[in-house]
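This report concerns only the one structure given below.
Sequence lines set the chain letters: A, B, ... in the order given, protein chains first and strands last, and positions in each chain run from 1.
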2 protein chains.
Amino acid sequence: MLNQPTPLDRVFHALGDPTRREMVDRLSHGPATVKQLAEPYAMSLPAVLQHLKVLEASGLVTSEKVGRVRTCRIDHKTLDHAGDWIARRQASWERRLDKLGEYLAATADEQNEEQ
Amino acid sequence: MLNQPTPLDRVFHALGDPTRREMVDRLSHGPATVKQLAEPYAMSLPAVLQHLKVLEASGLVTSEKVGRVRTCRIDHKTLDHAGDWIARRQASWERRLDKLGEYLAATADEQNEEQ
DNA sequence: TCTATAGTTAAGTAAATGCTTAACCAACCG
DNA sequence: CGGTTGGTTAAGCATTTACTTAACTATAGA
């Protein structure tokens, strides 16, 4: 991978890790501080911070620091982009099934006519 | 990551690579042989095969070999799982916004009563 | 002011990723 | 049979990932 990753690369890659998916899950219920996000995990704080950095780089999460606490929140738009990509492939797949169905129906008709 | 990846880990990880997403895209329009899948890319056949292996391990793609050609197709159910996961987080996010809205409305009412 | 809290930076490491080339097999085809 | 086509395996390599520990900064509160 010489070329740099696209936004969608970053989003799916970010979601490919269970810890990061759990963080997104947690944040989908409301904002949380770094401390709160880290609390469920056995791993070190710097490790959590690195996951957070990946999530922020992907656009899935935003954060702002007030005083000494950083509060993180989901950016739903980015999650939507990922959902849209999947929905579009599902759509092409279904269009294909429709066409296949039409074809099979047409073939059946022809066979009926032949009989 | 000492523990082995979950199915969802594998799916999102598989979708995190642009080449693999393009392959899923291609396959969403209909089945293709390994040769056909490899054709758009500058990379070697073994590299394509490795991407294919990742896609198969994730469950996004299935394949069967007839004679000497292997034909690959999407398994839509796996794509659905990924879409469902995203949809569920979007749902919690929206529920949260609803509750926030109710709270704000209630607060506004209280303030009206106080006045 | 002293100290605990919340977060950050840097550097190092083991394992996983995404490729490569070389060698190989098995099926179809003239 | 012998060559071409389609796919596969193995080995190697540079890069990225997911952590770690140690050291550090800045804010909040007693």
Check your understanding: Between A/Arg68 and A/Lys65, which heavy-atom pair has the shortest distance, and what is it?
Key ->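 Residues A/Arg68 and A/Lys65, closest heavy atoms: O-CE, 3.9 Å.
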Point to revise | Dot-bracket pairing map - DNA chain D, Watson-Crick plus G-U, both contacts under 3.5 Å, | cross-strand | key: ||||||||||||||||||||||||||||||
Check your understanding: Do A/Val54 and A/Val34 belong together in a cluster built from hydrophobic side chains that touch within less than 4.5 Å?
Key ->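 A/Val54 does not cluster with A/Val34.
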Exercise for review: Using the rule that two of Ile, Leu, Val, Met, Phe, Trp, Tyr join whenever any of their side-chain heavy atoms come within less than 4.5 Å, decide whether A/Leu8 and A/Leu15 are in one cluster.
Suggested key: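 Yes, same cluster.
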Review point. Judged by modelled atom types alone, do B/Thr62 and B/Arg73 share a side-chain donor-acceptor pair under 3.5 Å?
Key: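 No, no side-chain donor-acceptor contact under 3.5 Å.
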Spacing of [X] atom [atom1] relative to [N] atom [atom2], expressed in whole Å:
X	N	atom1	atom2	answer
A/Gln4	D/dT16	CD	P	12 Å
B/Arg10	C/dT17	CZ	C1'	15 Å
A/Glu39	C/dT5	CD	C1'	16 Å
A/Asp17	D/dT17	CG	P	11 Å
A/Lys53	D/dT17	NZ	P	11 Å
A/Leu55	D/dT17	CG	P	13 Å
A/Lys35	D/dA26	NZ	P	20 Å

Could you check whether any side-chain N or O of [X] sits under 3.5 Å from a backbone N or O of [Y], counting only pairs where one atom can act as donor and the other as acceptor?
X	Y	answer
B/Arg20	B/Ala14	yes
A/Arg89	A/Trp85	yes
B/Ser58	B/Arg10	no
B/Glu22	B/Thr19	no

Between the protein and nucleotides 8-14 of chain D, list every N/O to N/O distance that falls short of 3.5 Å.
| from | atom 1 | to | atom 2 | distance (Å) |
| --- | --- | --- | --- | --- |
| D/dT8 | OP1 | B/Arg70 | NE | 2.6 |
| D/dT8 | OP1 | B/Arg70 | NH2 | 2.8 |

Review point. Tell me, for nucleotides 24-30 of chain C in 5' to 3' order, what letter each nucleotide earns: B for a base near a protein heavy atom under 4.0 Å, S for only sugar-phosphate near one, - for neither?
Key: ---BS--
Exercise for review: Would you please confirm or rule out a distance under 4.0 Å between OP1 or OP2 of C/dC19 and any side-chain N or O of B/His51?
Suggested key: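 Result: yes.
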Exercise for review: Give the nucleotide from the list C/dG7, D/dT17, D/dC19 with an atom nearest to the side chain of A/His13.
Suggested key: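 Nearest listed nucleotide: D/dT17.
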Exercise for review: Among the candidates C/dT20, D/dG7, C/dG7, find the nucleotide nearest to the side-chain atoms of B/Thr33.
Suggested key: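 Nearest nucleotide to the side chain: D/dG7.
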Exercise for review: Decide, yes or no, whether a salt bridge links B/Asp9 with A/Arg21 under the criterion of side-chain N to carboxylate O below 4.0 Å.
Suggested key: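 Between A/Arg21 and B/Asp9 there is a salt bridge, with a charged N closer than 4.0 Å to a carboxylate O.
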Exercise for review: From the options B/Leu27, B/Asp75, B/Leu79, select the one residue that forms a side-chain contact (heavy atoms from CB on, under 4.5 Å) with B/Leu60.
Suggested key: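 So the option named by the test is B/Leu79.
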Practice item. May I ask you to decide if the ring planes of A/Phe12 and B/Phe12 are parallel, tilted or perpendicular, using 30° and 60° as cut-offs? Key: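 Correct class here is parallel.
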